[in-house]
Structures are given as C-alpha cells and as structure tokens.
**Q** 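Take this structure first; my questions come after.
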Amino acid sequence: VVDAFLDEVRGRLGPQGVVTDPDVLRTHSVDWTGRWAGRTPAVLRPAGTAEVAEVVRSARRHAVALVPQGGRTGLVGGSVPLRGEVLVDLRRLDRLDPVDAAAGQVTVGAGVTLQRLQDHVAAAGWAFGVDIGARGTATLGGMVATNAGGNHVVRYGSMRHQVLGLEAVLGTGEVLAANLAGLVKDNTGFDLAGLLCGSEGTLGIVTAARLALVAPVAEAATALVGYRTIGDAVAAAATLRRAPDLHALELVLGPGLDLVAAHQQAPVPLAPTPPAALLVEVASSRAGSDLAAQLAAAVAGGPEPAGAAVATTAPDRARLWGWREAHPEVAAGLGIVHKADVTLPAAATARFLDEVPALVERCAPGATTLLYGHLGDGNLHVNVVGPDPDDDGPIDAVLDLVLALDGSVSAEHGIGTAKVAWLERQRGAVAVSAMAAVRRALDPDGVLNPAVLTPRT
Ligand code: FAD
Ligand code: MLT
Ligand code: ZN
C-alpha cells in the first residue's frame, strides 16, 4: 500500500519530493528531546501548497497516515512517526513576502524559521510578537500548529494572537484560504484560522500564514534580579506584572543558574547564587524613556532583592537572557528529560513550586528536578532527569497536583502524543468529543497525525 502511495507521490512531486535514504529517515524519526522516536518509510518534501494537497489526496486514496513536520523542536512527541506514518517535511514552503508596511503584516510560508522571519521584518522596521528559544529551527507552521507561546506572551499574547489568516490543506485534501488578506475585522462566521492554531496538525497542514507585526523595540532594560526565597520571587512577580512596558517576566532557580554557569564556564552574575531569580524586561518603541530607572522603581515595589544585574545594550541583554534560555539545553545535557509544561493560577504558584521537588523525590528518589518558566503568564516548566524514558510516574504526580490546583497540564507545548491521557481530565468529555467531531469533519479518513491530541483508531 505504502509503495503504491509513494510511487504516486513520486509521479506528482518528482524524485526529490520523496526521500527514502535510511540516514535521512532516521534523522527525521526522532525529535529534539531524543525521547520520542519512531520509524517511517519515507520523508515527503512538497515544494508548495499544490504539492501538499496532492500528497494529502493521495494519502486518502491509499489510506496512508501522515505526520506533518517542521523543525522537530516540539516537546510533546507530536512530530515523529510513532505509528510508522509517512512524514511530510514542510520546510520547502519557504515563501517570505515583502512586509506590508501599510497594514503592519506579512505573509510567510509554513517552513520559514522564526529567526528568518524576525530578521526579515526587522530589516523592514518591524518586529514579531512571539519569540522562543528554538527560534533558529522552529518553523512558523509548527508554531501555528502548537500555538507557541514563549518569552513575550505577557505583552503580545501567543501565536494565536498574531495569526490573522492561514492557508492550509485540510485532511480532505481541499485547500482552505482563511483571511489571507489579513482583515483585522471579519465577522463572517467561524474563525477557521483561529481553529487551526493549536490543532497540532490534526485538522490540516498549514502551508502559509498572514501574521500581524508589532512596533520594534527602540529602548529596553533587562534585569536578572535575585530573591532570598522562591516565595519572594513569586510575590515580586505579582508586583512586576503591573510594571509599565513589561516585555518579559521569567523565573529561574538557584540550582538551574549553577548548572548554566558550569555549562557556560562563566560565573552566575549574582553572587552568591540566589535561591530564585526573575529575568524582568521592560521595553518601549519610543527612545528616551529611561527604562532602567522605570525597571528599578518597579523592582523596588516588591520584596527586597538579593542582588541584581542590569543590561540596557542589545549584547548585554542577550547575555542576561542566556542565563534563562540555556535551561532546556542544560537539562537535556543531563539525560533524557521528562517534561511538564503547566500553568498555575497566580495564587497557587508558590505552593506548587514548594511542593514539586519533594513530590518528584518521592516518586523517583535521586532524580534531578529543574524548574523554570514564563512566570508572568503563570507558566512553569518542570524538567525531571533520572527516571527511565518510559517512567511517567513523576510527571503524572506533578500533573495530578496541577489539576488539584486548577491549573492546566499544557501551557504552551500542546498535547502531542505525550499528554493524550490528560486531555479529557483537563477539558472534560464534552469538549473532547467536540474536538473529535471537528476532526472527523475536516479529516474524514484520519490521515493527519492519527496518534496526536484525540487519537484515531
Ligand atoms: P515540530 O516540532 O516539527 O511539530 C510540532 C507539531 O506541529 C507536531 O504535532 C507537527 O505534526 C505539527 N506541525 C508542524 N508543522 C506543521 C504544519 N506546517 N502544519 C500542521 N502541523 C504542523 N515552545 C513554546 O511554546 N514556547 C517556548 O518558549 C519554547 N521554547 C523552546 C525552546 C527550545 C530549546 C526547544 C527545543 C523548544 C521550545 N519550544 C517552545 C517548543 C517548540 O519550539 C514549539 O512547539 C514550536 O512551535 C515547534 O515548531 P516546529 O517547527 O519545530 O514543529
Ligand atoms: C522554554 O521556555 O525554555 C521552553 O518552553 C522549553 C522548555 O520547556 O524546556
Ligand atoms: Zn517555555
């Protein structure tokens, strides 16, 4: 069956559109985490929307399942062929249109990386509202599919809030063009572009997106502020959420800072290493606002800090950001990482941070727990290293606690295959059956990502 499908696709896409080289297949069958790996008979490389549509229609005819793939930086096992699916690598969809300066918008192909988009719009005097550490590899198609969040959600929202329009090939094989003109107001029925944001490749393959841009930063001040206790850092965050021009509000803890210091072979910029620190950034599109003074005043409104390192130039700010952004890589360097990406209500955050290390220790004695996250949004990342790759016990215990505290079991990474068992407990049976019904309507034969979100049998 698969051979007939691949022959048909080869006929439409040409030989360069169907890759079966075993080395390439192996590389594409494992993701950034190293924890999720599968097997595939082929990687398809369509060069445009029409070719993606050919692939999906052919897959329907031959009853072959597909997994759309961008940069493979997703962290919930959604981009790899765990059931032997054929992979669709979207990176050749690399259209990058000139910035529409009148609208402050741009249209981009699904395969464009975030870094490339950022450089492109910066050269035209604009900025993009979403930034994540995987910017060099993550694609805009993958970011739409996962509704990526990242560092500036406190200011601009997540991917969903930047997407004005989308082009996608639905599971039916039809091409959906939803508001590619980028109209800001368009109340003509369902928001179909919005529906695809966070759909994790289960409803359609995103081929292009019409994105809103934001004014570039003219002046910014970034500080790494230490606190004597985790509770003080959480209390400070409550004050700092109200800071004018807040651009980022991130949490790191002492053990994480020490690991990054060892990794970077550089001393932590706060000595001695504090138990907790906030990376706070204020930024304005207007120059001459003395943001460093504003930032100092905002910090002074909270609990007394245990030291602070402040940066106002771009290279110094990037160096401070390094103390936060190196955390995922440093965790990965310790071994296979078990990840929870959760949101807590503000009032429950301190209790959660206090209880998690002991909870993990009870489930997996001797394991290393690294906590960090986008505290401004109540989004914490729990990383556990030590348990066997298949041992979900510690993360399950953490997610039980999240539900008991009225939080969310996925803040920004999605459900993928890793968190499927948690979807109904989080959202309830009615919501899950509504999602499954939408899925059946847009992908009647179950060709797209069958193992993801609401698995197809
Ligand atoms: P992939 O990993 O290839 O795919 C992710 C999912 O989207 C899969 O289910 C896949 O099937 C589907 N998909 C991919 N392309 C398409 C398409 N064109 N159409 C339909 N479905 C598609 N995430 C955050 O939200 N915030 C962060 O701060 C953040 N930081 C990160 C830092 C690091 C170091 C790493 C490694 C990851 C980080 N991530 C973060 C996670 C990841 O980068 C995002 O989930 C990103 O959106 C994935 O993009 P990708 O192109 O790599 O998608
Ligand atoms: C981050 O914020 O660093 C990312 O979401 C990656 C991670 O959770 O490790
Ligand atoms: Zn994150």
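Remember, it's 1-based here, ligands and their atoms both numbered in the order they're listed.
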**Q** So is there a nitrogen or oxygen of Asn151 less than 3.5 Å from a nitrogen or oxygen in ligand 1?
**A**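 So ligand 1 has no N or O lying under 3.5 Å from an N or O of Asn151.
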**Q** Atom 10 (C) of ligand 1: which of Ala332, Gly201, Pro68, Gly149 has the nearest heavy atom?
**A**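 Nearest option to atom 10 (C) of ligand 1, by heavy atoms: Pro68.
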**Q** Heavy-atom contacts with His413 under 4.0 Å: which atoms of ligand 2 show up? List them by number with element.
**A**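 Per the distance check, 4 (C), 5 (O), 7 (C), 8 (O).
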**Q** Any N or O of Ala110 that comes nearer than 3.5 Å to an N or O of ligand 1?
**A**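 It does not: no N or O of Ala110 is found under 3.5 Å from an N or O of ligand 1.
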**Q** Would Thr139 count as being in polar contact with ligand 1, using the rule that some N or O on each side must be under 3.5 angstrom apart?
**A**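 Right, the criterion is met.
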**Q** Minimum distance, heavy atoms only, to atom 16 (C) of ligand 1: which one of Gly141, Ala168, Gly77, Ala134 is it?
**A**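 Comparing heavy atoms across Gly141, Ala168, Gly77, Ala134, the nearest one to atom 16 (C) of ligand 1 lies in Gly141.
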**Q** Kindly identify the option in Thr207, Val206, Val88 whose heavy atom sits closest to atom 19 (N) of ligand 1.
**A**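 Result: the heavy atom closest to atom 19 (N) of ligand 1 is in Val206.
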**Q** Under the side chain to side chain contact (heavy atoms under 4.5 Å, CB included) rule, collect the residues that match up with Glu412, sequence neighbours excluded.
**A**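 If we apply the side chain to side chain contact (heavy atoms under 4.5 Å, CB included) test to Glu412, skipping adjacent residues, the hits are Asp341, His374, Asn379, His381.
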**Q** For atom 9 (O) of ligand 2, which candidate among Glu325, His374, His327, Lys339 provides the closest heavy atom?
**A**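 Shortest heavy-atom distance from atom 9 (O) of ligand 2: Lys339.
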**Q** For the Zn ion (ligand 3), which protein N/O/S atoms are closer than 2.8 Å?
**A**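 Listed by chain and number: His374 NE2, His381 NE2, Glu412 OE2.
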**Q** Give me the nearest non-hydrogen protein atom to atom 43 (O) of ligand 1 as residue plus atom name, then the distance to 0.1 Å.
**A**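 For this ligand atom, the closest protein heavy atom is Thr73 OG1, 2.7 Å.
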**Q** Could you check which of Gly150, Gly111, Ala145 puts a non-hydrogen atom nearest to atom 28 (O) of ligand 1?
**A**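 Considering heavy atoms of Gly150, Gly111, Ala145, the nearest to atom 28 (O) of ligand 1 sits in Gly150.
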**Q** Report the nearest protein non-hydrogen atom to atom 2 (O) of ligand 2: residue, atom name, distance rounded to 0.1 Å.
**A**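 The closest one turns out to be Arg324 NH2, 2.6 Å.
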